[in-house]
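Notes follow once the structure below has been shown.
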Amino acid sequence: MVKLKQTPAAGAQEMRGACCEALMEEAGKNDSIVVINCDLCGPMGLKLFEKQFPTRSINVGIAEANACSMAGGMSAAGMVPFFVTFAVFASRRVYDQVFMSCAYPGLNVKIIGGDSGVTSEYNGGTHMAFEDVGMLRIMPNITIMEPSDTVMMKALIREMTRTYGVQYLRTPRKKTPQIYEEGTAFEIGKGVVLREGSDVTLMAYGITVCEALKAADVLKEEGILARVVDMFTIKPLDKACVLESARRTGAIVTAENHQVTGGLGSAVAELLSETLPTPIERVGVQDEFGEVGTQAYLMERFSLTAASIVERAKLAVARKNS
Amino acid sequence: MLDNQRELLERMSADIRIQFLKMFGKLGFGHVGGCASIADVLAVLYGGMMRVDPANPAAQDRDWLVLSKGHAAPALYAALALRGFFPMEWLATLNMPGTKLPSHADARTVPGIDFCTGSLGQGISAAVGICLANRLKGQSSWVYCILGDGELNEGQVFEACGTAAHYGLDHFICFVDWNKKQLDGTLAQVQNPVDIAGKFKAFGFDTQMARGYDVEDIHACILRAKDAPDAPHCIVLDTYKGLGIDFAEEQEHNHHLVCSAEQCAAAIEEIERRLKEGCYPGGMRYGKA
Ligand SMILES: Cc1ncc(C[n+]2csc(CCOP(=O)(O)OP(=O)(O)O)c2C)c(N)n1
Ligand SMILES: [Mg+2]
């Protein structure tokens, strides 16, 4: 059951802390779980895991291609490997390794990419993953997710250890606003309806979920009732939820901390244009590289804020009514 | 080397350390460890060894440098500003909204940066490509590259070594900043490279060890490399992560440090003192303080 916080408040735990906690809990129950680090064990928050499971925490150094194919090998030999690095390296740097050593052979590799999109902040454009979802989404045999808070993070890590397949989870490393109450359950591949509304649907994942909720509040004051969906699984897309949203509200805004090309916006547009043409507005990065700055600055810079969602929602509603 | 040349190069390396300390002090954090360990080699390169023209940074006949360990860009930005490639005032904008100077070396926005880096392991391949292109164009420029020692974990580094040796790129001089640490800990804790010089030798490089904190020794090694024919060159710089900056050297995990403006100001004062007293860059490990 989904239990929501009344108002999203700053969380007490970092996303990486939640990730480590869940991994340790599961690793305590399942001897097959191993973590493969690439000299980012500390930044990815997995030092405690390393301490508790020293033989099952492997650090190959700055060698992502090696780590990714090794994960494939470990999976072939029956383990449940988590290959962990920054999102840019987990996608761009190892694309063929994900393909050849993980997805194509149908193995059971879990990939965690830290610093999704603008959350890489001061590491700047070279480290800003705006393409990872798009790149990986066109690969068969892969699941792509981004949790929106620590409650969901822990639940998804648990789900990943219990389901078979190549799964990519991108995430901020630090604190995010809490959206869910402790104990909420999530099903991979099923969107979470956070709020009902009849005029437009706002679909988001990761840090834009909170922005979508804020946008819905603003829209409500202006008499526009927005349905809000946390589409934390980008692939496989929850088609039933997208179609239902389109039927109920007749207009959709997607919002993502990623290029509009290739991500959720693309996925939703692909589905609806073939089955149920619906006005869609896509909030996200518009074919640009990232740059350095704080998350707040970058969200403004790339128009990922509640204000942009509000603006685009009004456009979508106007298009529906014209 | 003339006495006053040593003095000039030490002044330059001190100024590099001082400038990135100012940048980090203002921001409150930065890659202090890996910037500190390349200040001396950068001083030798930009203090006269490299043929560069700040007024014409893209000159065809210039020497090139690819900072493969791109996270140490602030040290290189400092060297370039000191050399006059862009106004010193730019340095204070490091990592600020809309800056031309982002945390990782950016050739798109910074005059004098020869290649974009930040994803480790790729810069050396780019440097090899530049060197091959120069040969095809009939240019006899020198191409320099600075690798991190942790960066040697990346297999691509050794793919590039193979190519450089196969084509006998004798105008390629590759430094390894052997500062003994990477991000999660020491090399020995994370991935022990065992014998760095031996690896480059095995690939066919003309290989030397230099005291990476001693501008005179670095200078001499480069001249020796330039005289050795027929093979690409590797100079392993024996350094220490955080070199010459006590608060950085003292910390076990000193890859990325939080640092206050006061801490940086104190470190700058200490640099000036060592310079004056002839024990620069000092540092605990080298017993020079
Ligand atoms: C491909 C890639 N993987 C991971 C990182 C993250 N990272 C940045 S610096 C660093 C450690 C580098 O160690 P080393 O090469 O020894 O550099 P230095 O000690 O000179 O700072 C890591 C893992 C990166 N920039 N690129
Ligand atoms: Mg190092």
Side-chain angles (χ1 to χ4, degrees), chain A residues 35-47 49-51 54 57-70 84-94 97 115 118 120-129 288-302, chain B residues 23-24 27-31 68-71 73-74 93-109 115-123 147-159 181-193 252-253 255-256 258:
Chain A
V35 169
I36 305 178
N37 289 297
C38 300
D39 200 22
L40 290 170
C41 177
M44 290 301 294
L46 292 170
K47 283 280 183 196
F49 185 98
E50 182 183 60
K51 207 165 165 203
S57 175
I58 292 147
N59 198 335
V60 301
I62 313 162
E64 296 78 10
N66 180 36
C68 185
S69 295
M70 261 180 65
V84 184
T85 181
F86 287 166
V88 281
F89 307 129
S91 53
R92 292 185 338 220
R93 184 90 191 178
V94 296
Q97 282 76 12
D115 278 355
V118 295
S120 63
E121 297 196 304
Y122 286 113
N123 269 332
T126 57
H127 285 54
M128 211 154 277
E288 285 188 282
F289 291 114
E291 57 181 67
V292 280
T294 60
Q295 184 172 320
Y297 163 74
L298 293 165
M299 286 185 77
E300 288 286 343
R301 163 71 182 78
F302 293 103
Chain B
M23 296 184 238
F24 293 151
L27 270 176
F29 56 84
H31 288 117
S68 202
K69 43 171 273 188
H71 58 280
T93 70
L94 181 80
N95 280 355
M96 294 289 138
T99 186
K100 289 181 194 294
L101 308 184
S103 51
H104 293 79
D106 204 315
R108 304 172 312 162
T109 51
F115 209 81
C116 288
T117 50
S119 182
L120 293 165
Q122 302 187 28
L147 289 165
D149 49 5
E151 188 179 9
L152 302 181
N153 297 159
E154 289 285 2
Q156 182 172 353
V157 169
F158 295 99
E159 297 173 25
K181 284 185 188 173
Q182 45 195 108
L183 193 149
D184 278 331
T186 63
L187 302 196
Q189 286 165 341
V190 182
Q191 282 288 307
N192 198 332
E252 185 188 349
H253 292 286
H255 180 74
H256 187 267
V258 170

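Computed from a prediction, not measured in an experiment: that's the story for all the values here. Basis for what follows: all heavy atoms, side chains included, without hydrogens, waters or symmetry-related copies. Proteins get letters first, then strands, A, B, ... in listed order; numbering begins at 1 in each.
- A salt bridge links Glu288(A) with Arg301(A): the distance from a Lys NZ or Arg NE/NH1/NH2 to an Asp or Glu carboxylate oxygen falls below 4.0 Å.
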- prompt: Should Val292(A) and Tyr297(A) be marked as a side-chain contact (heavy atoms from CB on, under 4.5 Å) after you check the CA-CA gap, both sets of side-chain angles, and the distance that decides it?
  reply: CA-CA 9 Å; Val292(A) 280; Tyr297(A) 163 74; over 6 Å; no
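- Options Arg92(A), Arg93(A), His127(A) differ in how many heavy-atom pairs under 4.5 Å they form with chain B, and the most are formed by Arg93(A).
- For the pair Glu151(B) (side chain) and Gly148(B) (backbone), a donor-acceptor distance under 3.5 Å is present.
- In this structure, chain B has a heavy atom under 4.5 Å from the side chain of Phe89(A), while its backbone stays farther away.
- The choice from Ser103(B), Pro102(B), Gly98(B), Cys116(B) that makes the most heavy-atom pairs within less than 4.5 Å of chain A is Ser103(B).
- For chain B, the nearby parts of Leu40(A) are the backbone and the side chain; heavy atoms of each come within less than 4.5 Å.
- Proximity to chain A (any heavy atom under 4.5 Å) is shown, for Ser119(B), by both the backbone and the side chain.
- Atom CD of Glu300(A) sits in a sparse spot, with 12 or fewer heavy atoms from other residues, nucleotides or ligands closer than 6.0 Å.
- For Gln156(B), the part sitting under 4.5 Å from any heavy atom of chain A is the side chain, from C-beta outward, and nothing else.
- With a 6.0 Å radius and a threshold of 12 heavy atoms from other residues, nucleotides or ligands, Lys100(B) has its NZ atom at or below the threshold.
- Of the atoms belonging to Asn66(A), not a single heavy atom falls under 4.5 Å from chain B.
- With respect to chain B, the highest number of heavy-atom pairs below 4.5 Å among Ala63(A), Pro43(A), Cys38(A), Gly42(A) belongs to Ala63(A).
- Interface summary for chain B: among Thr126(A), Asp39(A), Thr294(A), the most heavy-atom pairs under 4.5 angstrom belong to Asp39(A).
- For the 3.5 Å distance criterion, the side chains of Gln189(B) and Asn59(A) fail to qualify, holding no donor opposite an acceptor.
- In plain terms, the two heavy atoms of Ser120(A) and Met128(A) that are nearest each other are OG-CE, 3.2 Å.
- The aromatic ring centres of His71(B) and His256(B) sit 6.0 Å or more apart.
- Proximity to chain B is absent for every atom of Glu121(A), based on heavy atoms less than 4.5 angstrom apart.
- Counting heavy-atom pairs closer than 4.5 Å to chain A, the top residue among Gln122(B), Met96(B), His31(B) is Gln122(B).
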